[in-house]
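All figures in this text were calculated on a predicted structure; none of them were measured in a lab. For the numbers below, each heavy atom of this structure counts, side chains included, while hydrogens, waters and symmetry mates do not. Lettering of chains follows the sequences in order, A, B, ..., and the numbering in each one begins at 1.
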There are 2 protein chains.
Amino acid sequence: MKAQDIKKAGLKVTLPRLQVLEYLEKHPGMHFTADELFTQLRQSSSEIGLATIYRVLNQFETAGLVVKHQFDNGHSVYELDTGEHHDHMVDVDSGEVTEFYSKQLEDLQVKLAKDYGYELIDHNMVLYVKKAK
Amino acid sequence: MKAQDIKKAGLKVTLPRLQVLEYLEKHPGMHFTADELFTQLRQSSSEIGLATIYRVLNQFETAGLVVKHQFDNGHSVYELDTGEHHDHMVDVDSGEVTEFYSKQLEDLQVKLAKDYGYELIDHNMVLYVKKAK
DNA sequence: GTGGGTGCAAATAATTTGCACGGTA
DNA sequence: TACCGTGCAAATTATTTGCACCCAC
(Lines give C-alpha, C1' and ligand atoms only; values in the text may rest on other atoms or scores of the structure.)
Protein backbone atom coordinates (compact mmCIF):
# COMPACT_ATOMS: atom_id res chain seq x y z
CA MET A 1 0.00 0.00 0.00
CA LYS A 2 1.20 3.50 -0.86
CA ALA A 3 1.52 5.15 2.55
CA GLN A 4 3.50 2.17 3.82
CA ASP A 5 5.98 2.39 0.98
CA ILE A 6 6.59 6.06 1.69
CA LYS A 7 7.11 5.40 5.39
CA LYS A 8 9.48 2.57 4.66
CA ALA A 9 11.57 5.03 2.69
CA GLY A 10 11.93 7.14 5.84
CA LEU A 11 9.73 9.91 4.45
CA LYS A 12 6.69 11.57 5.92
CA VAL A 13 3.42 10.66 4.31
CA THR A 14 2.31 13.90 2.69
CA LEU A 15 -0.28 14.73 0.10
CA PRO A 16 2.12 15.46 -2.79
CA ARG A 17 3.99 12.21 -2.20
CA LEU A 18 0.78 10.22 -2.13
CA GLN A 19 -0.49 11.91 -5.26
CA VAL A 20 2.64 11.24 -7.27
CA LEU A 21 2.83 7.60 -6.19
CA GLU A 22 -0.87 7.09 -6.79
CA TYR A 23 -0.69 8.56 -10.25
CA LEU A 24 2.19 6.28 -11.20
CA GLU A 25 0.37 3.24 -9.82
CA LYS A 26 -2.70 4.11 -11.85
CA HIS A 27 -0.66 3.99 -15.04
CA PRO A 28 1.53 0.90 -14.87
CA GLY A 29 4.15 0.50 -17.57
CA MET A 30 3.86 4.14 -18.58
CA HIS A 31 6.60 6.76 -18.42
CA PHE A 32 6.19 10.38 -17.42
CA THR A 33 8.36 13.45 -17.36
CA ALA A 34 8.27 15.62 -14.25
CA ASP A 35 6.39 18.22 -16.22
CA GLU A 36 3.76 15.76 -17.42
CA LEU A 37 3.11 14.69 -13.85
CA PHE A 38 2.91 18.34 -12.85
CA THR A 39 0.33 19.14 -15.51
CA GLN A 40 -1.71 16.02 -14.76
CA LEU A 41 -1.79 16.51 -11.01
CA ARG A 42 -2.60 20.20 -11.34
CA GLN A 43 -5.69 19.24 -13.32
CA SER A 44 -6.77 17.03 -10.42
CA SER A 45 -7.25 20.20 -8.42
CA SER A 46 -3.91 19.77 -6.69
CA GLU A 47 -1.79 22.67 -5.48
CA ILE A 48 1.39 20.71 -6.09
CA GLY A 49 4.49 22.56 -7.33
CA LEU A 50 6.85 21.43 -10.07
CA ALA A 51 9.85 21.66 -7.75
CA THR A 52 8.12 19.30 -5.35
CA ILE A 53 7.60 16.78 -8.11
CA TYR A 54 11.31 16.80 -8.85
CA ARG A 55 12.16 16.49 -5.16
CA VAL A 56 9.68 13.69 -4.58
CA LEU A 57 10.75 11.77 -7.67
CA ASN A 58 14.39 11.96 -6.65
CA GLN A 59 13.57 10.72 -3.18
CA PHE A 60 11.48 7.90 -4.62
CA GLU A 61 14.29 6.98 -6.95
CA THR A 62 16.76 6.81 -4.07
CA ALA A 63 14.25 4.74 -2.13
CA GLY A 64 13.87 2.37 -5.07
CA LEU A 65 10.17 3.09 -5.51
CA VAL A 66 10.65 4.62 -8.90
CA VAL A 67 12.98 4.15 -11.85
CA LYS A 68 14.36 7.04 -13.85
CA HIS A 69 15.25 6.69 -17.52
CA GLN A 70 17.08 9.08 -19.76
CA PHE A 71 16.23 8.85 -23.43
CA ASP A 72 18.21 10.67 -26.08
CA ASN A 73 15.85 13.61 -26.46
CA GLY A 74 17.15 15.14 -23.25
CA HIS A 75 14.48 14.93 -20.57
CA SER A 76 14.11 12.16 -18.07
CA VAL A 77 11.07 9.95 -17.60
CA TYR A 78 9.97 8.12 -14.49
CA GLU A 79 7.95 4.97 -13.91
CA LEU A 80 7.03 2.84 -10.93
CA ASP A 81 9.66 0.27 -10.01
CA THR A 82 7.89 -3.04 -10.30
CA GLY A 83 11.00 -4.92 -9.30
CA GLU A 84 11.13 -6.53 -12.71
CA HIS A 85 13.99 -5.19 -14.73
CA HIS A 86 13.35 -4.38 -18.36
CA ASP A 87 14.77 -2.30 -21.18
CA HIS A 88 13.08 -0.01 -23.68
CA MET A 89 12.38 0.31 -27.35
CA VAL A 90 11.39 3.73 -28.62
CA ASP A 91 9.50 4.06 -31.90
CA VAL A 92 11.27 6.96 -33.57
CA ASP A 93 8.16 7.87 -35.57
CA SER A 94 5.47 7.81 -32.90
CA GLY A 95 7.59 8.21 -29.77
CA GLU A 96 5.85 5.14 -28.35
CA VAL A 97 7.83 3.26 -25.70
CA THR A 98 7.78 -0.54 -25.46
CA GLU A 99 9.27 -2.41 -22.53
CA PHE A 100 11.05 -5.67 -23.12
CA TYR A 101 13.21 -8.17 -21.31
CA SER A 102 15.74 -10.64 -22.63
CA LYS A 103 17.61 -12.97 -20.32
CA GLN A 104 20.07 -13.58 -23.13
CA LEU A 105 20.80 -9.86 -23.32
CA GLU A 106 21.27 -9.50 -19.57
CA ASP A 107 23.67 -12.43 -19.45
CA LEU A 108 25.64 -11.15 -22.39
CA GLN A 109 26.15 -7.81 -20.69
CA VAL A 110 27.51 -9.40 -17.53
CA LYS A 111 29.87 -11.44 -19.66
CA LEU A 112 31.07 -8.42 -21.64
CA ALA A 113 31.86 -6.44 -18.50
CA LYS A 114 33.76 -9.42 -17.12
CA ASP A 115 35.74 -9.76 -20.35
CA TYR A 116 37.07 -6.26 -19.81
CA GLY A 117 37.94 -6.86 -16.17
CA TYR A 118 34.86 -5.17 -14.76
CA GLU A 119 31.87 -6.03 -12.66
CA LEU A 120 28.51 -4.89 -14.05
CA ILE A 121 26.67 -2.44 -11.78
CA ASP A 122 23.93 -1.17 -14.01
CA HIS A 123 23.15 -0.56 -17.61
CA ASN A 124 21.17 1.63 -19.90
CA MET A 125 19.92 0.25 -23.15
CA VAL A 126 17.46 1.80 -25.54
CA LEU A 127 16.65 0.50 -29.00
CA TYR A 128 15.43 3.11 -31.48
CA VAL A 129 13.09 1.38 -33.87
CA LYS A 130 10.58 1.80 -36.68
CA LYS A 131 7.53 -0.33 -37.42
CA ALA A 132 8.64 -3.10 -39.79
CA LYS A 133 6.98 -2.97 -43.20
CA MET B 1 42.35 15.09 -44.62
CA LYS B 2 40.44 17.53 -42.42
CA ALA B 3 39.64 20.35 -44.84
CA GLN B 4 38.31 17.83 -47.35
CA ASP B 5 35.94 16.30 -44.81
CA ILE B 6 34.53 19.70 -43.96
CA LYS B 7 34.01 20.58 -47.60
CA LYS B 8 32.34 17.26 -48.28
CA ALA B 9 29.84 18.14 -45.56
CA GLY B 10 28.92 21.25 -47.53
CA LEU B 11 30.48 23.58 -44.99
CA LYS B 12 33.01 26.35 -45.44
CA VAL B 13 36.49 25.57 -44.22
CA THR B 14 36.92 27.94 -41.31
CA LEU B 15 39.40 28.12 -38.46
CA PRO B 16 37.03 27.02 -35.67
CA ARG B 17 35.88 24.02 -37.68
CA LEU B 18 39.44 22.99 -38.43
CA GLN B 19 40.46 23.42 -34.81
CA VAL B 20 37.63 21.30 -33.44
CA LEU B 21 38.18 18.53 -35.97
CA GLU B 22 41.94 18.61 -35.45
CA TYR B 23 41.60 18.38 -31.70
CA LEU B 24 39.31 15.37 -31.95
CA GLU B 25 41.68 13.68 -34.39
CA LYS B 26 44.58 14.23 -32.03
CA HIS B 27 42.75 12.32 -29.31
CA PRO B 28 41.30 9.20 -30.87
CA GLY B 29 38.96 7.12 -28.75
CA MET B 30 38.48 9.97 -26.29
CA HIS B 31 35.23 11.76 -25.47
CA PHE B 32 34.80 15.46 -24.80
CA THR B 33 32.02 17.74 -23.68
CA ALA B 34 31.51 20.98 -25.58
CA ASP B 35 32.86 22.82 -22.59
CA GLU B 36 36.02 20.73 -22.40
CA LEU B 37 36.73 21.44 -26.05
CA PHE B 38 36.09 25.12 -25.40
CA THR B 39 38.57 25.26 -22.52
CA GLN B 40 41.19 23.27 -24.40
CA LEU B 41 40.99 25.31 -27.59
CA ARG B 42 41.00 28.58 -25.69
CA GLN B 43 44.30 27.56 -24.14
CA SER B 44 45.72 27.08 -27.63
CA SER B 45 45.40 30.83 -28.08
CA SER B 46 42.14 30.49 -29.98
CA GLU B 47 39.40 33.11 -29.96
CA ILE B 48 36.74 30.43 -30.42
CA GLY B 49 33.38 30.83 -28.67
CA LEU B 50 31.44 28.15 -26.81
CA ALA B 51 28.36 28.70 -28.97
CA THR B 52 30.46 28.05 -32.05
CA ILE B 53 31.63 24.76 -30.61
CA TYR B 54 28.06 23.65 -30.11
CA ARG B 55 27.13 24.79 -33.62
CA VAL B 56 30.12 23.10 -35.20
CA LEU B 57 29.63 19.86 -33.29
CA ASN B 58 25.99 19.68 -34.33
CA GLN B 59 26.93 20.26 -37.95
CA PHE B 60 29.61 17.61 -37.74
CA GLU B 61 27.18 15.18 -36.17
CA THR B 62 24.68 15.74 -38.98
CA ALA B 63 27.49 15.29 -41.46
CA GLY B 64 28.49 12.04 -39.79
CA LEU B 65 31.97 13.27 -38.89
CA VAL B 66 31.33 13.07 -35.18
CA VAL B 67 29.25 10.92 -32.84
CA LYS B 68 27.38 12.31 -29.86
CA HIS B 69 26.75 10.26 -26.72
CA GLN B 70 24.63 10.98 -23.73
CA PHE B 71 25.70 9.30 -20.51
CA ASP B 72 23.58 9.43 -17.36
CA ASN B 73 25.36 12.39 -15.81
CA GLY B 74 23.47 14.79 -18.03
CA HIS B 75 25.90 16.41 -20.46
CA SER B 76 26.73 15.10 -23.89
CA VAL B 77 30.14 13.98 -25.10
CA TYR B 78 31.48 13.92 -28.63
CA GLU B 79 34.09 11.83 -30.37
CA LEU B 80 35.32 11.42 -33.92
CA ASP B 81 33.27 9.00 -36.01
CA THR B 82 35.74 6.34 -37.06
CA GLY B 83 33.04 4.48 -38.96
CA GLU B 84 33.40 1.54 -36.60
CA HIS B 85 30.39 1.23 -34.37
CA HIS B 86 31.02 0.54 -30.72
CA ASP B 87 29.31 0.85 -27.35
CA HIS B 88 30.56 2.18 -24.03
CA MET B 89 31.36 1.06 -20.52
CA VAL B 90 31.60 3.76 -17.88
CA ASP B 91 33.53 3.09 -14.69
CA VAL B 92 31.23 4.53 -12.03
CA ASP B 93 34.15 5.18 -9.68
CA SER B 94 36.65 6.85 -11.98
CA GLY B 95 34.36 8.05 -14.77
CA GLU B 96 36.69 6.34 -17.23
CA VAL B 97 35.05 5.37 -20.55
CA THR B 98 35.93 2.15 -22.36
CA GLU B 99 34.75 1.43 -25.89
CA PHE B 100 33.78 -2.09 -26.84
CA TYR B 101 32.14 -3.98 -29.65
CA SER B 102 30.32 -7.28 -29.62
CA LYS B 103 28.91 -8.79 -32.81
CA GLN B 104 26.80 -11.07 -30.68
CA LEU B 105 25.25 -8.07 -28.94
CA GLU B 106 24.52 -6.27 -32.19
CA ASP B 107 22.85 -9.33 -33.68
CA LEU B 108 20.79 -9.89 -30.57
CA GLN B 109 19.44 -6.35 -30.73
CA VAL B 110 18.33 -6.71 -34.33
CA LYS B 111 16.61 -9.95 -33.40
CA LEU B 112 14.85 -8.41 -30.38
CA ALA B 113 13.49 -5.53 -32.43
CA LYS B 114 12.24 -7.98 -35.04
CA ASP B 115 10.57 -10.12 -32.36
CA TYR B 116 8.46 -7.10 -31.44
CA GLY B 117 7.56 -6.28 -35.03
CA TYR B 118 10.08 -3.51 -35.41
CA GLU B 119 13.07 -2.69 -37.52
CA LEU B 120 16.15 -1.53 -35.61
CA ILE B 121 17.24 1.99 -36.54
CA ASP B 122 19.76 2.78 -33.85
CA HIS B 123 20.55 1.95 -30.28
CA ASN B 124 22.10 3.36 -27.19
CA MET B 125 23.79 1.07 -24.74
CA VAL B 126 25.97 1.98 -21.81
CA LEU B 127 27.23 -0.44 -19.19
CA TYR B 128 27.95 1.09 -15.79
CA VAL B 129 30.74 -0.91 -14.23
CA LYS B 130 33.23 -1.16 -11.36
CA LYS B 131 36.71 -2.64 -11.47
CA ALA B 132 36.42 -6.32 -10.57
CA LYS B 133 38.15 -7.28 -7.33
C1' DG C 1 31.24 41.57 -52.84
C1' DT C 2 27.95 38.52 -50.36
C1' DG C 3 26.27 35.14 -47.74
C1' DG C 4 27.62 32.00 -44.55
C1' DG C 5 30.19 31.93 -40.09
C1' DT C 6 31.61 33.87 -35.68
C1' DG C 7 31.92 35.82 -30.84
C1' DC C 8 29.33 37.68 -27.44
C1' DA C 9 25.45 38.22 -24.68
C1' DA C 10 20.87 37.33 -23.96
C1' DA C 11 17.25 33.65 -24.34
C1' DT C 12 15.62 28.79 -23.41
C1' DA C 13 14.78 24.55 -21.12
C1' DA C 14 15.29 21.30 -17.58
C1' DT C 15 16.26 20.94 -13.03
C1' DT C 16 17.78 22.65 -8.35
C1' DT C 17 17.83 25.64 -4.39
C1' DG C 18 16.59 29.48 -0.84
C1' DC C 19 13.12 30.91 2.00
C1' DA C 20 9.07 31.73 4.74
C1' DC C 21 4.96 29.26 5.65
C1' DG C 22 2.21 24.96 6.54
C1' DG C 23 1.31 20.27 7.93
C1' DT C 24 2.89 15.51 9.91
C1' DA C 25 4.31 12.83 13.61
C1' DT D 1 5.55 21.73 19.26
C1' DA D 2 9.60 20.63 16.41
C1' DC D 3 11.02 19.87 12.05
C1' DC D 4 10.29 18.12 7.68
C1' DG D 5 8.08 19.28 3.53
C1' DT D 6 5.97 22.56 0.43
C1' DG D 7 4.97 26.31 -3.09
C1' DC D 8 6.89 29.92 -5.31
C1' DA D 9 10.41 32.44 -7.38
C1' DA D 10 15.06 32.99 -8.17
C1' DA D 11 19.43 30.44 -9.23
C1' DT D 12 22.00 26.94 -12.00
C1' DT D 13 23.51 24.30 -15.85
C1' DA D 14 23.64 22.86 -20.57
C1' DT D 15 22.50 24.42 -24.82
C1' DT D 16 20.46 27.59 -28.41
C1' DT D 17 19.59 31.91 -30.67
C1' DG D 18 19.76 37.05 -32.12
C1' DC D 19 22.70 40.24 -33.89
C1' DA D 20 26.38 43.08 -35.76
C1' DC D 21 30.78 42.21 -37.56
C1' DC D 22 34.09 39.27 -40.27
C1' DC D 23 36.06 36.19 -43.64
C1' DA D 24 36.13 32.22 -47.10
C1' DC D 25 34.86 31.66 -51.72
Visitor: Tell me: CD1 of B/I53 to C1' of C/dT6, nearest whole Å?
Guide: 12 Å
Visitor: Nearest whole Å is fine: how far is C/dT17 P from A/Q59 CD?
Guide: 12 Å
Visitor: With sequence neighbours excluded, what pairs up with B/Y118 under the ring pair (Phe, Tyr, Trp, His ring centres under 6.0 Å) test?
Guide: none
Visitor: Run the salt-bridge test on B/D107 and B/K111 with the 4.0 Å N-O cut-off and return the result as yes or no.
Guide: no
Visitor: Please round to the nearest 0.5 Å and tell me the distance separating atom CD of A/E22 and atom CG of A/L80.
Guide: 12.0 Å
Visitor: Show each protein N/O and nucleotides 2-4 of chain C N/O combination with a separation under 3.5 Å, one pair to a line.
Guide:
unit_1 : atom_1 : unit_2 : atom_2 : d
C/dG3  : N2     : B/K12  : NZ     : 3.4

Visitor: To the nearest 10 degrees, how far apart in direction are the end axes of the helix from C/dT12-D/dA14 to C/dA25-D/dT1, each fit to five base pairs?
Guide: 30°
Visitor: Examine B/I121 and A/V126 and state if one hydrophobic cluster contains both, with Ile, Leu, Val, Met, Phe, Trp and Tyr joined whenever side-chain heavy atoms are less than 4.5 Å apart.
Guide: yes
Visitor: What is the separation between atom CZ on A/F38 and atom P on D/dA9, rounded to the nearest whole Å?
Guide: 11 Å
Visitor: Give a yes/no on whether any side-chain N or O of A/S76 is located under 4.0 angstrom from OP1 or OP2 of C/dT15.
Guide: yes
Visitor: If you check the A/T14 side chain, which of C/dT16, C/dT6, D/dG5 turns out closest?
Guide: D/dG5
Visitor: Does A/L15 reach a base, just sugar-phosphate, or nothing at all? Heavy atoms under 4.0 Å.
Guide: nothing
Visitor: What is the separation between atom CD on A/E36 and atom P on C/dA14, rounded to the nearest whole Å?
Guide: 11 Å
Visitor: Going through the checks in order, is the side chain to side chain contact (heavy atoms under 4.5 Å, CB included) test met by B/L65 and B/L24?
Guide: CA-CA 10 Å; B/L65 291 175; B/L24 291 175; over 6 Å; no
Visitor: What's the closest nucleotide to the side chain of B/Y54 if the choices are D/dG7, D/dT16, D/dG5?
Guide: D/dT16
Visitor: Apply the test side chain to side chain contact (heavy atoms under 4.5 Å, CB included) to residues A/Q40 and A/F32: give CA-CA distance (whole Å), side-chain angles for both, the deciding distance (0.1 Å), then the verdict.
Guide: CA-CA 10 Å; A/Q40 290 301 314; A/F32 303 95; 5.6 Å; no
Visitor: Give a yes-or-no answer on whether the side chains of B/H75 and B/E36 include a donor-acceptor pair shorter than 3.5 Å.
Guide: no
Visitor: Describe, in one word, how the ring planes of B/H85 and B/H123 are oriented to each other, choosing from parallel (under 30°), tilted (30 to 60°) and perpendicular (over 60°).
Guide: tilted
Visitor: Is it possible for you to say whether B/V67 and B/I6 belong to one hydrophobic cluster, with membership spreading through side-chain heavy-atom contacts below 4.5 Å?
Guide: no
Visitor: Could you tell me the separation between the CG atom of B/L57 and the P atom of D/dA14, rounded to a whole number of Å?
Guide: 15 Å
Visitor: Rounded to the Å, how far apart are B/I48 CD1 and C/dT6 P?
Guide: 8 Å
Visitor: Could you tell me whether B/D35 contacts a base, only the sugar-phosphate backbone, or nothing, with contacts defined as non-hydrogen atoms closer than 4.0 Å?
Guide: nothing
Visitor: Side chain of A/P16 only, please: which of C/dA9, C/dT15, D/dG7 is the nearest?
Guide: D/dG7
Visitor: Test B/L105 against B/F100 for side chain to side chain contact (heavy atoms under 4.5 Å, CB included), laying out the working first.
Guide: CA-CA 11 Å; B/L105 180 62; B/F100 72 91; 4.0 Å; yes
Visitor: If you check every side-chain atom of B/K7, which of C/dT15, D/dC25, C/dT17 has the closest atom?
Guide: D/dC25
Visitor: Grab the CG-P distance between A/L50 and D/dT6 for me, whole Å please.
Guide: 13 Å
Visitor: Let's see if you can work this out: which of C/dA25, D/dC25, C/dT15 has an atom nearest to the side-chain heavy atoms of A/V13?
Guide: C/dA25
Visitor: Rounded to whole angstroms, how far apart are CD on A/Q70 and P on D/dT13?
Guide: 17 Å
